[in-house]
There are 2 protein chains.
Amino acid sequence: MTQPHHAKSLDLVFAALADPTRRAILEMLLEDDMAVTDVAEPFEMSLAAVSKHLTLLMRAGLIAQEKRGRVKWCKLEPDAMRAASIWMQGFGQFEALDLDGLERFLEAELNETDDTHPT
Amino acid sequence: MTQPHHAKSLDLVFAALADPTRRAILEMLLEDDMAVTDVAEPFEMSLAAVSKHLTLLMRAGLIAQEKRGRVKWCKLEPDAMRAASIWMQGFGQFEALDLDGLERFLEAELNETDDTHPT
DNA sequence: CCTTTGGTCAACCATTTGGTTGAATATAGT
DNA sequence: ACTATATTCAACCAAATGGTTGACCAAAGG
């Protein structure tokens, strides 16, 4: 296998990001570290389902989990996005860090994920 | 469906990017527009399989296809990556446009995709 | 008209994904 | 020791992926 670490990791990262629930989780973790149960709370699905999503995010390296007591804390690991982000920037010269667009976009995402985790 | 254009499109774009064959195709199209058959040539899989990949890339908006004569030309549509790229930049402040990293990375990607389309 | 070329479609197959439920495990609280 | 909480595991299911093959349609070229 010539596959040098990179490709597989891109696969995992992009695949992980391809699900709205998982993206919503990442956005939640952007604000604070959270326990699994708290991560799951806003979603209309079983805890086990969310646990699986977290496993995928782990394997993609996008989060880290640390067990303290009986609680497992989830923490964003944003560096895992670097490679993917850099890869994308090879296409189109969308100027990096369009803060304005970013803001509009994140807001839209947050509204829209009401679908996924209505509260 | 409250889902406002954005989420679905992020789903499709990220999912499309999660496959090494599809990423390789996009990299090829970065250099030039190509006919379907020519896109398929380097890969060790059937034309039909590549055709399916192209369909996914189309639905994600990452490429456009135009039929001229009996040949269908594929053209990169890099704007479709914008939203996804911007979304990712909301995490980690990896400075946008790390050209050095980009260069190393694309090179690695190109080597490694020899797995996928050995020539 | 016949044949080749370009490309998709349809049916099929194995694997993965996203979800469920119910049981299992581990730690905390009383 | 018992109970409640936090989390995963296991078995299952439906749907989507990534691939195959063979038939099919459309456009050139002789």
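Naming convention: chains lettered A, B, ... in sequence-line order (proteins, then strands); numbering from 1 in each chain.
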Tell me which nucleotide among C:dG6, D:dT20, C:dG18 gets nearest to the side chain of B:Thr37. C:dG6
Nearest to the B:Val36 side chain among C:dG7, C:dG19, D:dG18, which nucleotide is it? C:dG7
Whole angstrom value for the distance that separates C1' of D:dG18 from CZ of B:Arg59: 13 Å
What nucleic acid atoms does B:Arg22 come within less than 4.0 Å of, heavy atoms only: base, sugar-phosphate, or nothing? sugar-phosphate
Report which part of the nucleic acid A:Ala48 touches: base, sugar-phosphate, or nothing (heavy-atom distance under 4.0 Å, all strands). base
C:dG7 C1' sits how many Å from B:Glu41 CD, rounded? 16 Å
Between A:Ala18 and A:Gly69, who's closer to the 5' end of DNA chain C by nearest nucleotide? A:Ala18
Check every atom of D:dG19, C:dG7, D:dT8 against the side chain of B:Lys72 and return the nucleotide holding the closest atom. C:dG7
Do B:Lys67 and C:dG7 have a side chain to base donor-acceptor pair shorter than 3.5 Å? no
Rounded to whole angstroms, how far apart are CD1 on B:Ile63 and P on C:dG7? 12 Å
Among C:dG6, D:dT7, D:dT20, the one nearest any side-chain atom of A:Leu47 is D:dT7
For B:Val13, does its backbone N or O pair with a side-chain atom of B:Arg59 as donor and acceptor, under 3.5 Å? no
Connected via hydrophobic side-chain network under 4.5 Å: A:Val71 and A:Ile25: no
Please answer: with hydrophobic residues joined when any side-chain heavy atoms are less than 4.5 Å apart, are A:Leu56 and A:Leu54 in the same cluster? no
Between P of C:dT20 and CD of A:Glu44, the distance in whole Å: 10 Å
Check step by step if side chain to side chain contact (heavy atoms under 4.5 Å, CB included) holds for A:Trp73 and A:Arg68. CA-CA 7 Å; A:Trp73 292 90; A:Arg68 231 149 52 213; 4.0 Å; yes
By nearest-nucleotide position on DNA chain D, the 5'-leaning member of A:Arg70 and A:Gln65 is A:Arg70
Using side-chain heavy atoms (C-beta onward) and a distance below 4.5 Å, is A:Trp87 in contact with B:Arg23? yes
Please report the distance, rounded to the nearest Å, between CE in A:Met45 and P in C:dT17. 16 Å
Phosphate oxygens OP1/OP2 of D:dT8: is one of them under 4.0 Å from a side-chain N or O of A:Ser51? yes
Give a yes/no answer on whether the side chain of A:Ser46 brings an N or O atom under 4.0 Å of OP1 or OP2 in C:dT20. yes
May I ask you to verify if any side-chain N or O of B:His53 is less than 4.0 angstrom from the OP1 or OP2 atom of D:dG19? yes
Separation of A:Glu66 atom CD from C:dA26 atom P, in whole Å? 19 Å
Round to the nearest Å and state the distance from B:Leu54 atom CG to C:dG7 atom P. 10 Å
Could you give the CE-to-C1' distance, from B:Met34 to C:dG6, as a whole number of Å? 14 Å
